[in-house]
Each structure stands twice: as C-alpha cells, then as structure tokens.
Amino acid sequence: MKRPLIVLFIALVTTVTLVISALLATGKSNPESELTSVDSTPFTLQLLHASDFESGLEALEDVPRFSAVLNALKDDYPNTLILSSGDNYIPSPFLFAGSDPSLNDTPVGKAGIGHADIEILNQFGIQASTVGNHDFDLGSKEVRDIIQPSGDYRGTLFPYLSANLDFSTEPNLSDRVTANGQEASTIPPGSVTGTAVITVNGEPFGIVGGTTPLLPSISSPDNIAVLPENATDYDALAAEIQAAVNELTATGINKVILLAHMQQLNIERDELAPRLQDVDIIVAGGSHTLLSDANDHLRSGDTSGGVYPILKTDEDGNPIAVVNTDANSKYVGRLVIDFDANGIIIPSSIDSKISGAYATDDQGVAAVEGTPDPEIVEIIDTLGTVIATQDGNVFGNTEVFLRGDRTFIRTEETNLGNLTSDADLAYAKTVDATTVISLKNGGSIRSNIGVISAGKGSTDPNDFELLPPAANPAAGKEEGEVSQLDITNSLRFNNGLTLFTLTAEQLLQTIEHGVAGTGPGATPGQFPQVGGLKFSFDATRPANERVISLVVVDNQDQIIDVVAKDGQLVGEPSRTFRVVTVNYLADGGDGYPYPSFLNANPALFNRVDFFGEPDLNQNGILEAQEDLNQNGVRDAAIAETFEGIADFADFGSEQDSLAEYFHLDFPTAASAFNQADTEPALDERIQNLAFRQDTVIPD
C-alpha cells in the first residue's frame, strides 16, 4: 500500500508555512530571519494524472474503480492537481450511449453524444486537459456540442488547452476561445485556450497544452490551424510551446506543467524535454505507455514501459520529470514531488513507495481503501443498461481471443487484424468481384474481442489467460459468441469502405508507408493489417526501403502475383490490382499516399465509396471536396448487394462487414473461428525479419 504515514506531518508543515507567509505579508514577523526560513521550505505537490480515457466496454468496470482510487489519493496532500493529457473520449458504444434519453435522469443532466464521458471527468475533478487527436475524431462541430453547456448539461468544467492550435480559425469553436493565462477556475465552462493558471494554496502553476502536429492527418480538426506544419520539426514545435511558457513565466510564475499529447512517448521524452526551458513536469499522452516502478502493482497481463517518472534535463540544465500512464482508466498516475524556492523540482524528493502508477483493478482499489463516487456509479449503471441490450445481438462465434489492443495491432499481424481484413475483402467482392486486396490501418482497430482473465487468486501480472468473449446470461449471450457490442467496441470508428485501383508500383509504396513508422517502442497507427497479401519487411532499413518480399495471394493462400522480391519491384510497374480499404485512409489519413495517386490519374484510380458522396454543405452543388473520385458527378451510395442480417450499422461500413462475415462463416459454436493469435516469429502474412526468416516467396 502506498498511502504515506507522513501525510499528517506534511500537512502540518504546510500549514505552518502558510501561517508564516501570512504573517510576513502583514509585517507581523521578523522579515530577515523568517523570510530565509520560508524561502528554503520546499513546496510539495501531488499531481494526479491520466490520459486517453477513450472509454470502451472495460470502462463500465474501470471508471468507478478509477474514481475510487482517485478519491483515496486526492486528499492525502493539501497541494493537489488533477490533470488530463487528452483523448478524453473516442467514438465507441460508450460515447454514443451517452445520447440515450435515460441519461437525462442522471448527473449528466441532458443526454448527448459524449456528455456522459465529460460529466465523468467533471466528477473526477479534472482541472485542465490538453487536446488529444481523438477528441476531434467526429469533427469540430461535435467537439463544440460535447464541451459546451446545454440546459442541465454542464459541459466541460475544465479548460481544453493547446498552445500550438489556433482555435479561432474554426467557426464551430471560435466563440469558445478564451484568453491565455487565466485562472482555470474562472474560465467559463466549455472553453478552449492555450494556457491556464491553477493556484494551489497560494502557489500559481502555469498549465500549458500541446497537441501532436499530426492532428490533421490522424483526426478531423476541420479549419483549426495546427503548428508546426512539419510534424517532425521538433525545434519549431518546442518554440511554439516555449512561447506560451514564456508568457506565463513573464508574470512571475515559476512552476510550469506541460500537458503534451504527442502520440509517441519518445517525442515528449527525447525531443521536447531537452528543448524546453522553465517546464518542470511533462504529462505525456497518446502513447498508452505504462510507466511504473518496482513498488507498483500492475494489472494482469500488463508490463511496464519504463520507470516512473522519467527524469531528464531541460535546455538550461535543470531537471524535468516526464510522466505517463496506460489508457482507458486502467491506472491513476501519481507524482508527489518538491519544488525549491526557485520553482525547480527536487528529484531526490520522489519516493517510489508513494509516486507511481496506481492500478484501478479490485486489488488496487482495496489497497488504497477507495470508494467510488455515487454520481459516477449512477452514470455508469445507466450506460451499462443501454449498452447491454447490444450484447444480446449475436452474429457468430470464436473459440479464441481476438487480439486488437494497441501494442499488438500497430506492430504486428494479429488474428483480429486478419479477420476484419478478410471480412472487408469478402464484402467488397460482392460489389466488385475483381477486388483482390484488403488493407486497413491498425489504428482503426481499438480493442480486443475477448477477455484477459487473471489467474485465480494470483497477484502475478503475467499469470493470465486470453479467452474468447465472456457469456452474458442477462443478455442471452453464451461464451464465445460475438455480439454487436463486441464488434462496435473494437471497430469504434466504423469507417466506410472504399474501392480503388493501385498499380504494382503504388502497392509497394503503400506497404512501404505502412511499415515506415515501425521501430523500438513505437506504435504507429498507420501499421497495416491486410487480406490477400503477404509481405516481409526489415525495420532496420531506411523508411521506404524496408519491404523485402510482397505477393498477392488468393483465398487459398496461393501466390497469384509477385510484386517485390529482394527489396525490388518485380514485373511491369503499371499492372493493376483492385483494393478495398477504409475511407479514412482513402482520404489520406495516417499519411497514406492515396490522394496523390488519385490526383495523378483519377480514371485509373477509379475510387468508389460504399457510402457515396454526400452533400456536405446541403446546397445541392457538387463542390470539389465532395467529388471524392473527381469524376464530376455526385455518386450515390452503393445499394446492398446481398440480404444480410445485421441492421445496426450501415451497409458499406466495417462494422457491418465484420458482423455479416461472422454470420456467414462462423455462425455456430461448431464452426467457430479458431485461429489463435501468434507471436511475430510465427506470423505469415506480415513477416517481421527481426523475428523470423522470410518465407513469403518459397524457394
């Protein structure tokens, strides 16, 4: 248990310090001797933090436990901040369940998409958050509707911060912008800005937000200006953040915390920390990296991604602490640290028995003797009732755990990646029988389908089983059955499907892009999951030179075309292949080069969107951005090509594709999907040569 025995003593010291400060302020003390005493007394801060709440199904259990752990910790120290580093919600059954009218009768006040997610954060006591990429997945209008108050819905009671985003250029958010550097408690609900100040027992803390410059390519910020334009220009990124820091320190603030949502921890740790001045703590976000120490209890199946906190040196040679925790309300991050009289952190004050990652499983709650907020329990219970109705809508069966979590789906072939890619390929063939390849980004798959079960009575995080979906007797669901809820929770974005044609040369470029971001500790969303393809790659080679072998295969896994061998394109570069992908990638998401292929030859590329081309402005005029295939006419949605049984998602969506595939190919327990996920050394479709030999092209 990490509850400190010296809490009362620290509280007493802090109280005495405040009294002395008050006496000094009124001239009722010896200025010479007592000023020296006060200035030499460290200021102890307790920072409680999390990020990437991204509530999926697991949140129904984890959110109340998160609040229990948070409640147990927050009052241990008189000087406490509670902060988030972004991705406070994500398109998911949890997010959309917040629009059910039953939420009107809970502390949410007024039902709406995302309203439950935000009210839960309000109940946590979040005081400020930066902007994450997933906060913008539904576009700026939805952000506005989620953060602003409406009737009995309170909106965000904390400001959203980002110093490198210009919200004023987006009409949906321009009137939500407030000035930098205001006291957070006085900022109107539903506000966005660059920086804020939070005063903790008389000590002002500057809070700065920073968002990944990749935002336009991995989310939908609409007209928000994102700086710098070059996402890998870390000097420019640091300069944007430093300018905001300087505004705060110019007012006399000497304690600054950066909430940075950069997607990969190495950016906060290795690129920003050494380039910044006067920043004391960086709360990282977006990477889902679990930092912990040897005293921390980890949840079953979890492994540490590094020490908590990471201590670095800033540009001036001063210490700077970088902290991060895993996502989805699984841990509360806790940093208790002293600041000296100049506002510089004192690393030696960190006690690993106190600071670290606090698990929000049952064992973690029991260790701190926490109690969840009743308001949060009420919200979660209501959401659970709404969501449970979806768990009884069953489409097929699996006898194995389907791997879809970030660490795997973005770095290697997984059985769920194969399954949903094969589903899209089969689905596309009903529209265009010439389709031979399916590709989607790992970032489009958000969760496993199945259960990670801890060993009975075990406290070893490595003692666990990977099991198929659990039974839900209340919903009439049996173990191994795959439901609407399983599918929507995993494929939360529910992208539409898109067909187009690639030349052999373009196909090789596409796969090169897919593996270009692969590296130690990296989890790039662009990593591909594929059907109708097999390839090998060497991540130690330069980007765009990594693919060694690439072949197109039929549904019997027989090679029908060799595209690359020994790292070189084989055959006529202009021969073509029909491909299905998700519309997010077709639009250039995750940096995929498809828009450039379209612009080079629209007729050859021949883009066809299952969802058609909507009239975004509802003006009856086909505008350039609406003509997705550049053929000069507004194409209608594709009519259903077969009579399916899934009606919860639109025809042409990846959720509908997977549901129908389960129904047709794995309808019963006897015919259940049975391909267990494998280690990289045994992966066949995507062969990482760091783990195995290349067998894509048989000798």
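Note that these values count all heavy atoms, side chains included, but never hydrogens, waters or copies made by symmetry.
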task = Examine distances only and state if a side-chain atom of Gln242 and a backbone atom of Gln277 form a donor-acceptor pair shorter than 3.5 Å.
result = yes
message = Between His115 and Asp145 (side chain of the first, backbone of the second, donor and acceptor by atom type, cut-off under 3.5 Å), is there such a pair?
response = yes
query = Given Leu258 and Leu276, is the side chain to side chain contact (heavy atoms under 4.5 Å, CB included) satisfied, shown in steps?
reply = CA-CA 10 Å; Leu258 170 63; Leu276 295 172; 3.8 Å; yes
ask   = CD of Glu315: more than 12 outside heavy atoms within 6.0 angstrom?
value = yes
Between [Y] and [X], is there a side-chain donor-acceptor contact under 3.5 Å, judged purely by atom types and distance?
X: Gln264; Y: Asn266; answer: no
X: Arg299; Y: Thr360; answer: yes
X: Asp373; Y: Asn71; answer: yes
X: Asp296; Y: Tyr331; answer: no
X: Asn295; Y: Ser352; answer: yes

Would you check if [X] and [Y] make a side-chain contact, meaning some heavy-atom pair closer than 4.5 Å?
X: Val323; Y: Ile310; value: no
X: Ser84; Y: Leu121; value: no
X: Ile187; Y: Phe158; value: no
X: Tyr77; Y: Ile354; value: yes

inquiry  = salt bridge (Lys or Arg N to Asp or Glu O under 4.0 Å) for Asp235 and Arg275? Distances and angles first, verdict last.
reply    = CA-CA 7 Å; Asp235 287 333; Arg275 285 176 165 88; 2.7 Å; yes
task = Go through the steps to decide whether Glu54 and Arg446 satisfy the test salt bridge (Lys or Arg N to Asp or Glu O under 4.0 Å), and finish with yes or no.
result = CA-CA 9 Å; Glu54 300 181 8; Arg446 306 306 303 183; 3.4 Å; yes
CA sep, side-chain torsions, deciding dist, call: Leu237, Asn164, side chain to side chain contact (heavy atoms under 4.5 Å, CB included) = CA-CA 8 Å; Leu237 176 61; Asn164 65 312; 3.8 Å; yes
Atom pair [atom1] ([X]) and [atom2] ([Y]), whose distance is rounded to the nearest 0.5 Å:
X: Ile282; Y: Lys312; atom1: CD1; atom2: NZ; value: 10.0 Å
X: Asn246; Y: Thr251; atom1: CG; atom2: OG1; value: 11.0 Å
X: Ile147; Y: Tyr89; atom1: CD1; atom2: OH; value: 7.5 Å
X: Leu335; Y: Ile350; atom1: CG; atom2: CD1; value: 5.5 Å

key: Aromatic ring proximity, centroids under 6.0 angstrom, Phe53 and Phe66   = yes
request  = Identify the two heavy atoms, one from Thr523 and one from Ser287, that lie closest to each other, and give their separation to 0.1 Å.
outcome  = OG1-O, 4.4 Å
Exercise: identify the closest heavy-atom pair between Ile207 and Ala128 = CG2-CB, 4.2 Å
key: Residue among Asn441, Asn495, Asp590 satisfying side chain to side chain donor-acceptor pair (under 3.5 Å) with Tyr584   = Asp590
message = Under the rule for side-chain hydrogen bond (donor to acceptor under 3.5 Å, both in side chains), what residues qualify as partners of Thr211, not counting sequence neighbours?
response = Ser162
ask   = Should Lys141 and Asp222 be marked as a salt bridge (Lys or Arg N to Asp or Glu O under 4.0 Å) after you check the CA-CA gap, both sets of side-chain angles, and the distance that decides it?
value = CA-CA 9 Å; Lys141 182 180 184 303; Asp222 296 329; over 6 Å; no
request  = For the pair Arg492 and Asp137, evaluate salt bridge (Lys or Arg N to Asp or Glu O under 4.0 Å) and give the outcome as yes or no after the intermediate values.
outcome  = CA-CA 11 Å; Arg492 296 176 194 172; Asp137 281 342; over 6 Å; no
remark   = The side chain to side chain contact (heavy atoms under 4.5 Å, CB included) partner of Leu291 among Val307, Thr325, Asn324 is Asn324
query = What do the steps show when you test Ile218 against Gln263 for side chain to side chain contact (heavy atoms under 4.5 Å, CB included), and what is the final call?
reply = CA-CA 11 Å; Ile218 61 175; Gln263 290 292 94; 3.9 Å; yes
request  = Take Thr411 and Phe527 through the side chain to side chain contact (heavy atoms under 4.5 Å, CB included) test and state the conclusion after the steps.
outcome  = CA-CA 6 Å; Thr411 60; Phe527 188 85; 5.7 Å; no
Residue list, salt bridge (Lys or Arg N to Asp or Glu O under 4.0 Å) with Arg406, at least two apart or on another chain = none
